[in-house]
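Numbers restart at 1 for each chain; the letters A, B, ... are given by sequence-line order, proteins then strands.
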Amino acid sequence: MEESKQSPAIPTVYQPQDVEQKWYKFWLEHGYFSHKINPEGEPFCIVMPPPNVTGQLHMGHALDNTLQDVLTRWRRMQGRRTLWLPGTDHAGIATQAKVEEALAKEGISKYDIGREAFLEKTWEWKHRYHDRIVEQMHMMGSSCDWELERFTLDEGCSRAVREAFVELYNKGLIYRGSYIVNWCSHCQTTISDIEVEHTERDGHLWHLRYPYTDGSGYVVVATTRPETLLGDTAVAVHPEDERYTDKIGKTVLLPVMNREIPIIADEYVDREFGTGAVKITPAHDPNDFEIGLRHKLEQIAVIGKDGKMNENAGKYAGMDMLECRAKLVEEFRELGLLEDITDLSHSVGECYRCHTVVEPLVSPQWFVKMEPLAEPAIKAVLDGETRFVPSRFTKTYTNWLENIRDWCISRQLWWGHRIPVWYCQDCGEVICQVEDPTVCPKCGGSHLEQDPDVLDTWFSSGLWPFSTLGWPDDTELLKTFYPTNVLVTGYDIIFFWVARMMFSAMEQMKQNPFSDVFIHGLVRDAQGRKMSKSLGNGIDPLEIIDQYGADSLRFTLVTGISPGNDMRFQQERLEGARNFMNKLWNATRFALMNLQDYQADAYPLELTLADKWLLTRLARVSADADANLEKYELGEALRAIYDFAWDEFCDWYVELAKLRLYKGTPEQKHTAQTVLATVLRGILELLHPFAPFITEELWQQLPHEGDSIMLVKYPNGQGATLYEAEEKQMQTVMDLIRAIRNMRAEMNVPTGKKAPVIISAGEELLSQMQEAESYIKMLAAAESIEFVSPDSPVPDKAAKAHVRGVDAYLPLAGLIDLDKEIARIEKEIANTENELKRLAGKLSNQGFLAKAPADVVEKERAKEGEYQTKLASLREHLELFK
RNA sequence: GGGCGUAUAGCUCAGCGGGAGAGCGCUUGACUCACAUUCAAGAGGUCACUGGUUCGAAACCAGUUACGCCCACCA
């Protein structure tokens with residue numbers, strides 16, 4: 001900075017790698033991310049969705065993180081007492097699988113080393129990936145309060161889990177029971193209903209004959225899973241199905257197993273499907289399980305947790321499921337009991353992690369009773385205490401909670417929160433409490449064994465918004481920041497997480513965990529495909545940062561997105577972002593070069609037309625950006641700032657300012673310097689939440705007050721003077737300049753060649769244009785400008801344009817291509833006539849005049865007048881040539 | 001079976017009741033002393049289709065089509 005003043009050789013290309021981490025360190029060292037900043041401000045809190053410690057961050061995290069950081073930095077700049085609380089998730093099943101995988105490469109199984117040693121390995125894994133994740137967030141510029149960082153398995157969160165579990169248990173909302181659950185034979189654990197992915201697969205429907213025991217023929221059942229018939233304990237038909245009414249109560253002999261099973265009636269059966277008769281396997285199908293309960297049927301499990309046929313499968317015991325299926329069908333064929341095989345596409349449940357087909361089986365597990373919990377969670381959203389942005393996700397959420405089944409929370413894993421339940425080996429007492437018990441409260445025995453299972457990861461994630469703030473203790477943090485303000489997350493996780501936080505919070509805190517849920521979409525690849533490991537189309541945020549800088553990555557992720565919709569990630573857009581950063585860099589270079597002798601308050605300000613216009617535009621853009629941020633329209637906010645910075649500031653104002661900077665009086669120069677610095681600083685401040693690094697780097701170099709751009713007041717345009725007349729005047733000047741440039745281009749006037757211009761308008765407009773003479777000269781390459789009144793003789797052999805009541809002539813005797821000019825004018829006339837036709841139609845419409853707002857009618861009238869003038873002006877010009 | 005989303009310029013997408021927008025790409029011209037990661041000018045669109053509401057619809061409503069997503073216990 002001092003250096004750069006002496007040597008003007010600041011590179012013309014911005015190198016983000018040179019500055020980004022310098023500023024991150026600076027912010028960290030000064031404690032600017034702390035929630036203790038702005039102690040008097042109204043609290044604002046975002047609790048970060050904790051990334052899994054399974055691996056590194058992907059583009060989805062980068063998006064999620066960027067959105068949160070934009071909101072956080074913006075609110076902090078507004079003066080709010082801001083806390084963005086970071087953390088990571090232990091991600092039970094996912095992390096354990098990764099560690100097992102790593103061990104397997106060394107030929108070790110977790111059973112070889114035992115639970116304790118395995119957990120040690122997993123903690124090592126956790127530390128390694130945690131550090132990487134945190135480093136990535138540093139690279140992204142995330143302004144979270146690292147001193148409050150949490151982990152779902154840390155001491156505090158673990159205590160919260162126990163408190164919540166025990167409380168729910170004591171209320172009867174957590175229970176243990178043998179019910180049908182989803183079993184993944186690969187992961188060797190239960191998974192919850194939402195962890196089962198349903199995919200449509202081509203399969204078959206086997207029609208099998210079950211002979212009646214009375215010898216009166218057979219009933220035909222249809223099944224997609226013949227192997228389960230070994231565990232059949234009934235055949236069900238619809239009670240009103242005439243084909244079967246006389247068969248209800250009879251028995252059939254289950255082939256192969258030679259078990260006598262009843263024919264029962266149940267309304268669940270769909271008469272239209274298959275043969276209308278269903279084999280019932282209560283131990284291996286959720287529906288059959290329910291029917292089994294209704295009819296008190298025996299549950300015979302024939303498939304084991306290893307996915308193989310078990311001892312109840314008779315001669316098929318030990319056989320793989322699919323192998324058994326084939327052999328069994330063959331046996332039916334030989335017995336003459338195979339009626340038919342038809343094709344059927346049906347949905348198959350797979351484990352979301354490993355895509356193994358999920359086996360429904362009956363097992364003793366822990367469950368959360370959902371109905372009483374769901375109700376307040378639904379109500380909180382319907383009452384508007386918590387609001388989804390965009391609102392359409394409200395329905396997704398409520399529909400799910402309204403139809404929810406009890407949540408199986410026990411997992412047969414080692415990595416996670418151990419279930420706080422002990423079984424007394426002496427008297428069988430079940431002890432559920434927060435602290436580890438040493439003796440049985442019932443019999444006094446000390447042979448206690450803790451339940452070996454751990455909890456579903458999402459049980460602890462569900463407590464995240466308050467466990468991280470110190471719950472169950474009544475901490476200052478909790479009092480200050482709960483309920484939090486906004487949760488930022490993807491729509492793919494509404495069920496898994498958002499809903500669980502809602503009902504957990506309503507239960508434990510009796511208060512909604514956040515006011516807004518800001519939902520974003522997925523980051524897809526350039527072709528619109530989901531980024532995935534298997535496709536290999538994922539893009540590493542770090543590589544992008546390395547290549548383009550974090551600001552460009554953030555910019556790309558925020559622009560052109562609208563809430564809740566997916567986005568495609570395209571390399572070309574990064575270039576656009578990088579170019580913009582470079583533009584800012586160079587605009588600041590320009591400013592610095594021209595501010596070397598700048599002294600604040602050296603002279604009183606003499607604001608010119610361009611100054612007043614620019615300051616007004618800055619105020620409007622600031623108000624617009626701030627309002628859009630308030631609505632979570634981050635993309636819109638950024639677009640407005642971008643347009644202002646590039647088009648109005650760089651392409652127009654900077655050029656105009658050169659007049660005074662290079663050739664002005666000291667007074668004039670000073671005003672230009674002041675406005676230049678003020679507005680550029682305003683732009684940087686507006687951009688800071690989106691592009692924190694470059695804005696800090698440049699802001700620090702400009703004249704400024706304060707220690708960091710992070711802590712200055714976010715511009716919102718309030719209190720600014722709006723120079724409306726100059727704004728309008730400048731608009732006309734700019735249109736006029738564009739019109740002259742257009743004529744020059746059409747007439748092939750070489751870019752470098754200056755040409756005379758004649759401007760004609762009524763008295764007031766003419767003086768307004770005269771005021772902008774230097775602007776027009778500079779930006780329209782005018783050699784000289786002659787200002788004339790409308791009744792002055794029309795110049796001969798000139799091109800002409802008309803803009804908002806102003807005529808501009810380009811006298812080009814000799815240079816002018818007559819045919820071209822005629823064509824150009826005729827086209828312009830046609831356009832104007834079309835517009836006029838439209839306006840005339842509107843203005844002769846009684847309905848419009850009567851019902852449209854007065855200002856709209858007025859605007860249309862004004863436009864009509866303007867176009868009529870324009871048309872007359874152009875026609876007159878055309879006449880000259882004919 | 002239910003629910004939701006998307007259809008706007010060659011591409012990617014904003015806009016969501018009052019004159020069709022951006023970036024990229026394309027055409028033309030310019031190394032103009034902040035920036036060629038630039039500047040200037042331009043071409044390019046019956047805003048998917050059909051009805052309706054309204055003085056006025058790309059935008060609101062209904063329906064249709066196409067693509068996509070989510071949920072669901074069709075053996």
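- For the side-chain hydrogen bond (donor to acceptor under 3.5 Å, both in side chains) condition, the pairs that include at least one residue of residues 830-848 of chain A, sequence neighbours left out, are A:Glu833-A:Arg875, A:Glu835-A:Arg838, A:Lys842-A:Glu860.
- In this structure, A:Arg738 reaches the sugar-phosphate backbone alone: every heavy-atom distance under 4.0 Å involves primed, P, OP1 or OP2 atoms, never a base.
- In this structure A:Asp232 satisfies the salt bridge (charged side-chain N to carboxylate O under 4.0 Å, His left out) test together with A:Lys279, sequence neighbours excluded.
- Contacts of A:Asp241 classified as side chain to side chain contact (heavy atoms under 4.5 Å, CB included), with partners at least two apart in sequence or in another chain: A:His238, A:Arg243, A:Tyr244, A:Arg271.
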Detail all sub-3.5 Å separations between protein N/O atoms and N/O atoms belonging to nucleotides 57-59 of chain B.
none

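- Residue-level contact check: A:Phe495 touches the backbone only, with heavy atoms under 4.0 Å from sugar-phosphate atoms and none from bases.
- Taking the side chain to side chain contact (heavy atoms under 4.5 Å, CB included) definition, one finds that A:Ala550 meets it with A:Glu20, A:Ile545, A:Phe693, sequence neighbours left out.
- A donor-acceptor contact under 3.5 Å is not formed by the side chain of A:Arg573 with the base of B:U12.
- Residues passing the side chain to side chain contact (heavy atoms under 4.5 Å, CB included) test with A:Asp266, sequence neighbours excluded: A:Tyr268, A:Ile291, A:Arg294, A:His295.
- Listed by residue number, A:Trp646, A:Cys650, A:Asp651, A:Val654 are the residues of residues 645-654 of chain A with a heavy-atom contact under 4.0 Å to RNA chain B.
- Residues satisfying the salt bridge (charged side-chain N to carboxylate O under 4.0 Å, His left out) criterion with A:Arg681, sequence neighbours excluded, are absent altogether.
- In this structure, A:Lys827 reaches the sugar-phosphate backbone alone: every heavy-atom distance under 4.0 Å involves primed, P, OP1 or OP2 atoms, never a base.
- The aromatic rings of A:Phe590 and A:Tyr662 sit perpendicular to each other, their planes meeting at more than 60°, with 30° as the lower class boundary.
- For A:Glu864, there are no salt bridge (charged side-chain N to carboxylate O under 4.0 Å, His left out) partners at least two apart in sequence or on another chain.
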Distances under 3.5 Å between protein N/O atoms and the N/O atoms of nucleotides 53-56 of chain B, please, pair by pair.
{"unit_1": "B:C55", "atom_1": "OP1", "unit_2": "A:Lys851", "atom_2": "NZ", "d": "2.0"}
{"unit_1": "B:C55", "atom_1": "O2'", "unit_2": "A:Asn845", "atom_2": "ND2", "d": "2.5"}

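- Using a 4.0 Å cut-off, some side-chain N or O of A:Arg568 falls inside it from OP1 or OP2 of B:C13.
- Consecutive Watson-Crick or G-U pairing (both distances under 3.5 Å) extending over three or more pairs maps onto RNA chain B as B:1-7 with B:65-71, B:10-13 with B:21-24, B:26-30 with B:38-42, B:48-52 with B:60-64.
- Applying the salt bridge (Lys or Arg N to Asp or Glu O under 4.0 Å) test to every pair with at least one member in residues 736-747 of chain A, sequence neighbours left out, gives these pairs: A:Asp735-A:Arg738.
- Within the nucleic acid shown, A:Glu636 comes within 4.0 Å of sugar-phosphate atoms alone, with no base atom in reach, counting heavy atoms only.
- Within the nucleic acid shown, A:Arg225 has no heavy atom closer than 4.0 Å to any nucleic acid atom.
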